[in-house]
Amino acid sequence: MRILVVEDDKDVAGFVVKGLREAGHVVEHADNGRDGLFMAASENFDAIVLDRMLPGGIDGLRLLETLRGQNNNTPVLFLSAMAQVDDRVRGLKAGGDDYLTKPFAFAELLARVEAMARRGKGEGPTTKLLVGDLEMDLLSRGVKRAGQRIDLQPREFRLLEFLMRHAGQVVTRTMLLEGVWDYHFDPQTNVIDVHVSRLRQKVDKPFASPLIHTVRNAGYMLRPEQP
Amino acid sequence: MRRPHLPFRSAGVRFGIIYAGVFALGTLALATFLWWSTAGLLDRQTDAAIYADTQGLSERYAEGGLLALEETIGQRLAGNVDDDAIYLLVDPAYHRLVGNLERWPPALHQDAAWYEVPIERAGRRGMARLHHFILPGSVHLLVGRDVEVRAQMARLLTDALLWAAGVALLLGTVGALAVRGLFRITLADVSATAAAISAGDLTKRVRVVGRGDEFDRLAETINDMLDRIARLMDGVRQVSNAIAHDLRTPIARARARLEDAAAHASGETDLRAAIDRAQADLDGVIGIFQALLRIAEIEAGARRSAFAPLDLAPLLLDLVELYSAAAEERGQCLTAAIPPHLPAFGDRDMIQQAVANLLDNALKFSPARSTIAIEAAARPDGGAVIAVADHGPGIPEADRARAAERFFRGERARSTPGSGLGLALVQAVAQLHGGALTLSDNQPGLRAALTLATRPHRHAGVTQMNATSSYDQATADLHAA
């Protein structure tokens, strides 16, 4: 994927650019709002990582508003030290697709950028999700693996749906909490792990190979067993 | 910068001047009223008497002619004990026939006219009110009364007014001095206290005399304010101490690990392990910062704009669903008693986080095979109460008041992971919603009740008191439900 990083802090920018390149992406970097807007408007990117406070007269919000004003719908992830809920709401209202506050873990950033870019490509409404031998019918709300029916509670269904929609990507606990439960806080208890492990009991345990994998220091990933 | 000490700068003197002014105005108004009513009455009486006299005399003239009239006037003059009546009868050539005036006063020629003219009578000058009447045969009759009495009364009233003005001035001055003295004594104490406080001595308080008057109430209000400032200062000091301690510890640990690894790590695996652990320590520090900022954000009340009507029932059931799996995993049982609908007014995210914090605590401190109960009920005044009760170690009564302070950690909580900010956040959320967080004994265990008011009020402190006082009622309802 081609990703544009607009960030003025040299250390943070270097860390993000290096990490994204290591993850196999092509990364361009701008260290001020003016250059960032120029690059975002003139080239095609799959995703933009945008700092909110930028030098050069154009801050992140203005940059995004200008971009959206030109009908450019490249997915944008805000990166900001402004952690208040209102700042977050303002960022999303301006057209941001996601919002991550500094300091952050790189795994979280990577997972969110990849999920966001994939979502941006939306293949239109689907009625069926398929990952390996696991299939989910979104209309009848039925789940089968290797032809065998799996009974899921409504919440388990939504959890599995989220994992399947992000198959092959790392999904962090925070993303699950936001995407499946619509909560915007971090519980002190390992509530998410417990729900994932229950899902595993139903989706993975009766079968030969696991689909739900734990990614250390990051989260979970649903992917078909490697051939 | 101090202004020059001029007398009119003194509020006391200003009060005194106003006081004397009002007093003088009152006196003046009274005197004017007295003047108009007494002098007016006298005038009317005089006029009536003169008129009656004239009528009587003209009848007499009609009955008995000039001689009878002259006789009657003579009788009247003789019978006038007060010597204030004036009669003069002249012939058409203005020659005096009978009367107690020497001459006909000049410029009196109109029939049936009233005059008020200076006259001279038996060597005395004075004012007189006169009625001129022309009788048939061109005989001129003048009937009148000496009104010197009225002039005397005017002088009397003027004197009284002057005296009253003097007394008003005197009283005003004395009053001004007294008020200024009172102000000086009382305000000097307030201003000395305020000066001491700004100089850093937070222990000074304004003296309360005990009379229960306005000054006492002012002193009490100021003292309450100072108590609150002192408590806040104390809180700030505690929080900064706690931050210094709670943040320094993990930072020091991370630093030590990294330094140790840099100096002694024997291979890449060791190095990586040390870095991972240091990273976890720093993540903890970040978590504490975020919790602190979030509490500050809530306490600032900036998010009240996001308040909206909401139904607590599905919100709570979702949280119960999220946590019950974790509770089962730990061998605990999470039970819920939630009505089908529970309307409230507030910020969804905040209430979710507050209840999640209570559930986190309950799960963390409860032993295996114990029950955690979450209950919710509407309050009679339209608010709601959400209670989480566990059978953990609880919080000793002595610690309960402080349990919601930032970084407060009970003796038994020290060994468990956590920042000591969970209940502080719940309390902040409760206060923003015009409610309170109430901790009580669950025998054994802790029962944490979060009350929310229907409509949040600007003065959270006041509503908090209300919420706490009506809390017993709400809990009674809860038990009944």
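The chains referred to below are lettered A, B, ... by the order of the sequence lines, with proteins before strands, and numbering in each begins at 1.
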*Any donor-acceptor N/O pair, D360(B) side chain to P187(A) backbone, under 3.5 Å*: no
*Tell me, side chain or backbone of R155(A) under 4.5 Å from chain B's heavy atoms, or both, or neither?*
both
*Which distance, rounded to the nearest 0.5 Å, do you find between the CZ of R348(B) and the CG of D182(A)?*
8.0 Å
*Identify the two heavy atoms, one from I286(B) and one from P103(A), that lie closest to each other, and give their separation to 0.1 Å.*
CD1-CG, 3.3 Å
*Between H195(A) and L322(B), is there a donor-acceptor pair closer than 3.5 Å when you use the side chain of the first and the backbone of the second?*
yes
*If every non-hydrogen atom of T101(A) is compared with every non-hydrogen atom of Q290(B), which pair is closest and at what distance?*
OG1-NE2, 3.8 Å
*asked:* Check this for me: F289(B), atom CZ, are more than 12 non-hydrogen atoms of other residues, nucleotides or ligands nearer than 6.0 Å?
replied: no
*Heavy-atom distance under 4.5 Å to chain A: side chain of L315(B), backbone, both or neither?*
backbone
_With rounding to the nearest 0.5 angstrom, report the CG to CZ distance, D186(A) to R294(B)._
11.0 Å
_Report which part of L319(B) has an atom under 4.5 Å of a heavy atom belonging to chain A: side chain, backbone, both, or neither._
both
_Separation between CD of Q352(B) and OH of Y183(A), rounded to the nearest 0.5 Å_ = 5.0 Å
*asked:* Checking D318(B) against W181(A) for the side chain to side chain contact (heavy atoms under 4.5 Å, CB included) test, could you report, in this order, the C-alpha distance in whole Å, the side-chain angles of both residues, the deciding distance, and whether it holds?
replied: CA-CA 8 Å; D318(B) 277 356; W181(A) 279 271; 5.5 Å; no
*asked:* For D193(A), which atoms come within 4.5 Å of any heavy atom of chain B: side chain, backbone, both, or neither?
replied: neither
*Tell me, with the steps shown, if D276(B) and R216(A) meet salt bridge (Lys or Arg N to Asp or Glu O under 4.0 Å).*
CA-CA 11 Å; D276(B) 278 353; R216(A) 217 168 84 82; 2.8 Å; yes
*First locate atom NE2 of H184(A), then atom CD of Q353(B), and finally report the distance between them rounded to the nearest 0.5 Å.*
11.0 Å
